[in-house]
Amino acid sequence: MDVSTIIAPLNDDQRLAVSAPMQAMLVLAGAGSGKTRVLVHRIAWHVQINHISPYHILAVTFTNKAANEMRHRIEELLNTSARSMWIGTFHGLAHRLLRQHAKQAKLPDTFQVMDSDDQLRIVKRLLKSLELDDSKWPAKQVQWFINAQKDEGIRARHMSQADDFYHRQMQRIYLAYEELCDRSGLVDFAELLLRAHELLRDNEDLLAFYRERFRQVHVDEFQDTNTIQYAWLRLLTEGNNNLFVVGDDDQSIYGWRGAKIENIFAFQKHYPEHGIVRLEQNYRSTGHILKAANVLIANNENRMGKELWTAAGEGHAIGVYAAFNEQDEAYFVVEKIRQWVRDGGLRSEVAILYRSNAQSRQFEERLMTTAVPYRVYGGLRFFERMEIKNALAYLRLSSNRDDEASFERVVNTPTRGIGAKTLDDMRILARERGVSLWRAAECMLGEKQLSARAANALQGFMNLIEAIALATDGMNLYETVKYVVEASGLIELYKKEKQDKGEARVENLEELVNAAKLFDYDSENAENLSELDMFLAHAALEAGEMQGEADQDCVQLMTLHSAKGLEFKLVFLVGMEEGLFPSQQAVDEPGRLQEERRLCYVGITRAMQQLYLTYAESRRLYGKDSYPRPSRFLREIPPEALTEIRLRANVTRPASSSPATLGSMVDQNASFRLGQAVRHEKFGEGVVLQTEGSGDQEKVQINFRNAGIKWLMLAYAKLDKA
DNA sequence: GGTAAACACCTTTTT
DNA sequence: GGTGTTTACC
């Protein structure tokens, strides 16, 4: 194969990055500049030109989706299988390492990965056993605290000795949590990373082996790495100068969950011999959209600096629509979408992006009434569903009896007469003796501590698990899952449940059996795991796409966060209001405001052809009306890139919502100023929200303290300034 | 043990 | 205001 296949499809900057000498590289890739393409071609370059075997290449991403896509594209480009190449998520690769070296990682061979839901249950149980008041120590907060520590690479025993009660208590809980996990062979997501780091750090031979094996290391979305992830990368590469990272500081939107944008700066210090390439040519959006993005993001400080440009034309100006309220906003957006479809566009080319999930409702309702198919991202994923997790818990217990999370989950599901009292005693015993619940249950049965009825029920449960383990021994994965779903009694349980929900649950269980049938067991890369254990790990690490039927032509609804990495011809960025976007919490802290601005930058740069920004002048929030001001981000976008939208052609809208005076909220021509307090003889006191028209036709919208929002014709209504 | 009423909650999310 | 979770009661 000649060089041109790899090099020809690239622009100059991309070429510079792909063909750079073997050294540490920092590629600052703006939105839509061909980031993944550079990564894929760089790896192909190593294989083809530098003759590095795929065996010696490592590529790390954040999501399974990105990992799969990268592998696919590399194989396509090289026209060969890249199976021996390690491509995966941080968590997936860490898991692989821990499986391969469970002993050295001080983990049992049967260790199981738990997702955040499992983790929360474990924490809740732990808090109960420590007899802590759960209103003072909310499980969610404890979980968050523990994960934050782990993300920073801090073990409970390493926590700085703080004097305050809060931290001492947290440390105590954290310690107990670590003990509990060790005892039950459970590993949470953050633990995967932390332990993989410790594994390499504390085992010289292993570290030497992997440093030699991974001759070139590549990282996608580097701005999203947290402390422990970066530390792990450094272990593998520092001194070898072989770390190739791609990222965009302007798209760092996960600071709140531990991502360290500073890692980009740290990289430059730790790898002094690095090269830098900026990718600034954008292949996605038109000029107006990029102009808006560039000017907006320029308001942030401490940027690496980057300015997107395009060879395409200016395109349409960005539409700004000031809606009366959130219903009107939804109405406007859906009308525009229907127009798009009438003009021959696909629904799947359209996205509605919002700051928080709660905002989706208005749009769903409007889309529903107008019969426009849509799809909302961000619901429960397949492997996170209760019925699925229950079935998996049976499988996990049969594989590892000490799995506390699974034991708790199904010991009385379906109900079999094992009550809270029995369980409490069991937990106390387990804690006293430092053993798992399963062992505690065995003890209690052996020592005849239980009433006949409870003992009977408990014995029945344990017999069931043993029977499952026995019966499925020698079965393949599909047969095993099929057997367990039946034998556990779950199918029967859900068949009895209220029609609608129960039916769906049964279907999901059948889908789980089907998933087991289709599961692609790669025995070569199985790290001597059984097919079942591989399947269980897969279920924990890859929660699976949500509902099926993704292939339908649907309008896409999602948060700004989940839109990262995607692109759409037509984009609506809705709810552009102070307090919503930027969110209230972010307004109070300057650092977070910058992250909100980056989020806005991400949103704007999703649009290829047409972008609309909308806000509502009144919005029902948490049950009461609010009158937010337009988002400051609207004002930060240059007016020449914006155009104001009027739905009804012959109505003059107040100047307050025209782009030039956004935020100024003053209309010189109107008889009443916006915000003016007024009194009406029937409706009482209120505040002017907006005005429309002039002379005889002048209308004002008023929010009355008692009578709500009303439009009034000024000529008829008797209004006094209050 | 299952249901209804009371109660707290209210960014963003992947693994 | 709407939802998910805990509590109280039958």
Side-chain angles (χ1 to χ4, degrees), chain A residues 60-67 88-95 113-120 124 128 134-135 138-141 144 147 150-151 187-194 196 221 224-226 228-229 252-259 326 353-362 365 377-381 383-384 386 412-421 457 493 496-498 537-546 558-565 575 579-589 592 595-596 598-600 602-603 619-626:
Chain A
V60 196
T61 64
F62 276 85
T63 65
N64 291 297
K65 199 171 152 212
T89 62
F90 278 102
H91 294 86
L93 297 168
H95 174 250
V113 180
M114 59 176 162
D115 66 16
S116 10
D117 185 58
D118 298 327
Q119 187 188 29
L120 187 63
K124 275 188 182 152
K128 209 167 262 167
D134 43 354
S135 63
K140 274 253 165 63
Q141 198 180 320
W144 187 86
N147 288 338
K150 291 191 179 185
D151 284 346
V187 174
D188 63 54
F189 288 134
E191 182 72 26
L192 285 171
L193 303 175
L194 180 51
E221 307 274 19
D224 288 338
T225 51
N226 63 29
I228 195 71
Q229 287 162 339
S252 162
I253 56 176
Y254 287 111
W256 52 275
R257 66 172 195 216
E326 69 271 27
L353 309 181
Y354 34 79
R355 176 67 240 263
S356 72
N357 283 307
Q359 289 169 256
S360 75
R361 280 247 332 276
Q362 320 292 10
E365 277 167 21
Y377 284 74
L380 262 194
R381 271 108 40 99
F383 285 109
E384 288 170 355
M386 179 177 57
N412 203 30
T413 312
T415 49
R416 45 173 71 86
I418 301 171
K421 178 75 176 64
L493 171 72
K496 278 188 293 195
E497 218 174 72
K498 280 188 214 126
H538 166 83
L541 289 169
E542 200 164 338
E545 282 306 300
M546 33 230 81
M558 67 189 86
T559 62
L560 286 157
H561 283 90
S562 31
K564 191 165 83 147
L580 241 199
F581 188 37
S583 77
Q584 193 51 53
Q585 293 95 317
V587 172
D588 307 333
E589 275 176 75
R592 307 188 102 196
E595 184 155 309
E596 295 285 304
R598 293 195 290 267
L599 195 53
C600 187
V602 167
R619 179 181 296 273
R620 266 187 107 77
L621 215 56
Y622 306 139
K624 51 182 199 276
D625 291 316
S626 64

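The chains referred to below are lettered A, B, ... by the order of the sequence lines, with proteins before strands, and numbering in each begins at 1.
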Classify A/Asp224 by what it touches in the nucleic acid, base, sugar-phosphate, or nothing, heavy-atom distance under 4.0 Å.
nothing
Kindly point out which of C/dG2, B/dT15, B/dT11 is positioned nearest to the side chain of A/Ser583?
B/dT11
When we call it a touch if two heavy atoms are under 4.0 Å apart, what does A/Gly419 touch: a base, just sugar-phosphate, or nothing?
nothing
For a quick test of reading the model, state the closest non-hydrogen atom pair linking A/Ala563 to A/Leu353 and the distance between them.
CB-CD2, 3.8 Å
Note: A/Gln119 and A/Asn147 closest approach over all heavy atoms is NE2-OD1, 2.8 Å
Name the nucleic acid region contacted by A/Glu596, choosing base, sugar-phosphate or nothing; use a 4.0 angstrom heavy-atom cut-off, strictly under.
base
Could you tell me whether A/Lys564 contacts a base, only the sugar-phosphate backbone, or nothing, with contacts defined as non-hydrogen atoms closer than 4.0 Å?
nothing
Nearest of B/dT12, B/dG2, B/dT15 to any side-chain atom of A/Thr415?
B/dG2
With rounding to whole Å, what would you report as the distance between C/dT3 and B/dT14 at their C1' atoms?
23 Å
Given the P atoms of B/dT13 and C/dG4, what is the spacing between them in whole Å?
15 Å
Does B/dT12 sit syn or anti, given that only angles within 90° of 0 count as syn?
anti
B/dT14 base / A/Arg381 side chain donor-acceptor hit below 3.5 Å
no
How are the rings of A/His561 and A/Tyr254 set relative to one another: parallel (under 30°), tilted (30 to 60°) or perpendicular (over 60°)?
tilted
Distance between the C1' atoms of C/dT5 and B/dT12, in whole angstroms?
22 Å
Selection from B/dT11, B/dT15, B/dT13 that lies nearest to any side-chain heavy atom of A/Arg355:
B/dT11
Under the side chain to side chain donor-acceptor pair (under 3.5 Å) test, which residues partner A/Thr63, sequence neighbours left out?
none
Would you mind classifying the nucleic acid contact of A/Asn226 as base, sugar-phosphate or nothing, using non-hydrogen atoms under 4.0 angstrom?
nothing
Aromatic ring of A/Tyr622 stacked on base six-ring of B/dC10, 5.5 Å, 30°:
no
When only distance counts, do a donor and an acceptor, one from the side chain of A/Ser562 and one from the base of B/dT12, lie under 3.5 Å apart?
no
